[in-house]
Every structure is written in C-alpha cells, then in structure tokens.
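First comes the structure, then the notes that go with it.
Source: prediction; values computed, not measured. Position 1 is the first residue of the sequence; numbering continues from there.
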Amino acid sequence: MDVEAGIQQLKKDLNAVILAHYYQESEIQDVADFVGDSLALAQQAEKTTADVIVFCGVHFMAETAKILNPNKLVLLPDLDAGCSLSDRCPPGPFKAFKDKHPDHFVVTYVNSSAAVKALSDVIVTSSNAVKIVSKIPADRKILFAPDQHLGRYVMKQTGRDMVLWPGACMVHEIFSEKRLVQLKVEHPEADVIAHPECEAPVLAHAHYIGSTKQLLEYTVSSPKQSFIVVTEAGIIHQMQLKSPGKTFIPAPPDNGCACNECPHMRLNTMEKLYRCMRDKTPRLDLHPELRQAAYAPLKRMLEWS
Ligand code: 13P
Ligand code: SF4
C-alpha cells in the first residue's frame, strides 16, 4: 500500500495536524503540516485548531503539546522515542538538587519530562534561552537544567552565573573537534554553524550558533555558499530544500560515522506514523495535576518569548 497516501487520508479523516521536528527522516518532514524547532512546534501546538495532534519528534515534545492541549488527542509514532537530556534528569534527583539551592530561580530546558518542568519556574528552548535568562532580575540566583553545555553558552552570552545540572545530549556531545578542524582545512570557504548543545571547544570553531530553526535561517540569509553543519544531520534536508544551490557538509561524530543522527528521533518511521494514526495509539496521556503544574512554567516561556 501507499503509506504516504494512507497518512494523507487519515489526516483528513481525523482532522489531524502532523507536527515534525527537523531531526525526523526526510519523508516524515515532507508529509508533515509543519516542521520546526522545539519553540516553533510548541507555539504551533498552542494555536492549532485540529482535533488530533500527531507529533513526530521525541517524547518530551509530544508531552509539551499535551500540556498545552489537555483536551486534544496527541499521538506519537513511537512511545520509546526518548531524549538523553530528559532521561538523565529524573524528577527525584532533580528535586534533591533544587532543594540544595532553595533561593534559586529554576530555568529548565524544554528537553525534560513534565515532572521536571513542574518543578521549574520557567522553561526555555535553545531559541529563547538567552532572551529569557536576560529577563530574570539581576539579583536572582539561577539554577539551569538539564543541559550543561547550553547552560554554559547562555552564561557566556548573558554574563549571568548559573548553577548547572550536569546533563548533556548524547548526539551533540560526541562531535569530534579533531575531525571538525580537518573539515575546516578541507573546506576553508565554509561557515561552521553549530547547535548550543555542543561542547564549548566545538562551539569555539563556529561562525554562528543557534537552535535548529536559527541555523536553517542563517543558511538561507547568508551570502556563503557552503556550511559545515554541527548538529543532527536531519536538518540538512530543509537546508537543501530552501537553498538548493548551496553545499551542506555534516560534521562527523567521534565514533567513525560520517554524520550524526539522534537514535531516539530516528525511531519514528513512515510506517509507524501511519499505524499510530490508523490505530489512534500510542497516545500521550498526562495526569491533570501534573499537567497543570507543568503548564505554568511553560506558559511563562511562551509569554516571555
Ligand atoms: P531545537 O529546539 O534547536 O530544535 O533543539 C531540539 C533538540 O532536541 C536539539 O537536540
Ligand atoms: Fe535529545 Fe539530543 Fe536527541 Fe535532541 S538530539 S532529542 S537533545 S538526544
């Protein structure tokens, strides 16, 4: 059967909207109604009039859509699509960490579970973290979780000191600085563009640092013709679509592979997308109390963005 035609039909039958992150495989991006970064996807989820949200991304992203839309059905192709940042910041130890810093304003990256969000004062994404931290009164102490690399980048940009939870993204922390330097020598004409989840020595080579959406926009507006892309390779699909004449070189990880893919994001496939819409499962459910507690800091983020 034609899986894509089946998905299009189900979209009409369910009055569904398909939201996809840039790290999804190309076929999923092409069938989606909206492709974006974490902030844009949350904003899209907040304003959709569809009855059903089908979220092609990882668990915390679908959970965010559900927090914003408690009365809508939120489907996701694979319930096991997690995130190393979220998985390595469980709510129990996070609460203990927070309790050690009782006078701190808690800023939490959206790559976290609803239970951790519920313990936070404001949520940020890589698009708005610098802007939001800059809005916190200068006399407030700040605790930032769970990505220490994004946290350090934000500290550098804002001049604010922050206590950091020691988390990292399993994809962005394995970019090889040595292989990046080799690539720069091979392609001296290329700009290096990197996601702030990368480690500081890798970020030091970047001409531009930003969220996936910001990196994409940079490649469109820049007069440069080639780019070394230091983030998950899925984003290159949109870069090629928007700038067909330009060259995009994926930066390699230190494990011998040519490019870097998120194993969680890549659990989603067209077949699983079709089946989740046909069977209306797996679906994202949240306890109303937890949803309510996680909503307040998320809403604050959307207001401050
Ligand atoms: P963006 O919000 O930049 O798309 O980041 C999401 C993510 O998971 C990066 O690894
Ligand atoms: Fe999480 Fe990293 Fe995958 Fe993004 S790329 S979803 S931060 S593991």
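Inter-residue side-chain proximity for Pro196 and Val154 is flagged as unmet; no heavy-atom pair is nearer than 4.5 Å. Put simply, the side chain of Glu232 does not reach to within 4.5 Å of the side chain of Thr212, judged on heavy atoms. Side-chain contact between Leu215 and Met239: present, with at least one pair of heavy atoms (C-beta onward) separated by less than 4.5 Å. Between Ser305 and Leu39, the closest side-chain pair of non-hydrogen atoms falls below 4.5 Å. By the 4.5 Å heavy-atom criterion applied to side chains, Val3 and Glu27 are not counted as neighbours. Two residues are said to be in side-chain contact when any heavy atoms from C-beta on lie closer than 4.5 Å; Met61 and Ser38 meet this criterion.
Applying the side chain to side chain donor-acceptor pair (under 3.5 Å) rule to pairs touching residues 284-296 yields nothing, sequence neighbours excluded.
Distance CG/Leu41 to SG/Cys56: 10.0 Å, rounded to 0.5 Å. Here Asn111 contributes atom CG and Phe60 contributes atom CZ; the two are 3.0 Å apart, rounded to the nearest 0.5 Å. Atoms CG and OG1, on Leu302 and Thr125 in that order, are 9.5 Å from each other to the nearest 0.5 Å.
Judged by distance alone, the side chain of Gln148 and the main-chain N or O of Leu164 form no donor-acceptor pair under 3.5 Å. Within the 3.5 Å criterion, the main-chain N or O of Asp121 finds a donor-acceptor partner in the side chain of Arg300. No donor-acceptor pair closer than 3.5 Å links the side chain of Lys242 to the backbone N or O of Leu216. Between the Thr48 side chain and the Gln44 main chain, no donor and acceptor come within less than 3.5 Å of each other. Between the side chain of Lys72 and the backbone N or O of Ile53 there is no donor-acceptor pair closer than 3.5 Å. Side chain of Gln29 to main chain of Gln24: a donor-acceptor pair is present (N/O by atom type, distance under 3.5 Å, no hydrogens or angles). Using modelled atom types, one side-chain atom of Ser86 and one backbone atom of Ser113 make a donor-acceptor pair closer than 3.5 Å. In this structure, the side chain of Asp33 engages the main chain of Ile18 through a donor-acceptor pair within 3.5 Å.
Among Val181, Leu180, Val192, the one residue that satisfies the side-chain contact (heavy atoms from CB on, under 4.5 Å) test with Val202 is Leu180.
Cluster membership for Tyr23 and Leu85, using ILVMFWY side-chain heavy atoms within less than 4.5 angstrom, is shared. Hydrophobic cluster membership differs between Met170 and Met265, with clusters built from Ile, Leu, Val, Met, Phe, Trp and Tyr side chains linked at under 4.5 angstrom.
Ala118 and Leu290 get closest at one heavy-atom pair: CB-CD1, 4.0 Å.
For Glu271 and Arg278, the salt-bridge test fails: no basic side-chain N is under 4.0 Å from an acidic carboxylate O.
Below 30°, between 30° and 60°, or above 60°: for Trp304 and Phe105 the angle between ring planes is below 30°, a parallel geometry.
For Lys184, the NZ atom sits in a packed shell: over 12 heavy atoms of surrounding residues, nucleotides or ligands are nearer than 6.0 Å. Applying the 6.0 Å contact sphere to NZ of Lys11 captures more than 12 heavy atoms from other residues, nucleotides or ligands.
Using a 3.5 Å distance cut-off with no hydrogens or angles, the side chains of His149 and Glu173 do not pair a donor with an acceptor.
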Less than 3.5 Å apart, which donor and acceptor atoms pair up between the side chains of residues 91-101 and the rest of the protein, not counting sequence neighbours?
residue: Lys95; atom: NZ; partner: Asp99; partner atom: OD1; Å: 3.3
residue: Lys95; atom: NZ; partner: Asp99; partner atom: OD2; Å: 2.8
residue: Lys98; atom: NZ; partner: Leu119; partner atom: O; Å: 2.9
residue: His101; atom: ND1; partner: Phe97; partner atom: O; Å: 2.9

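Listed by chain and number, the residues in a side-chain contact (heavy atoms from CB on, under 4.5 Å) with Asp279 are Arg275, Thr281 (sequence neighbours excluded).
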Pair Thr108-Ser120, side chain to side chain donor-acceptor pair (under 3.5 Å): steps then yes or no | CA-CA 6 Å; Thr108 299; Ser120 310; 2.6 Å; yes

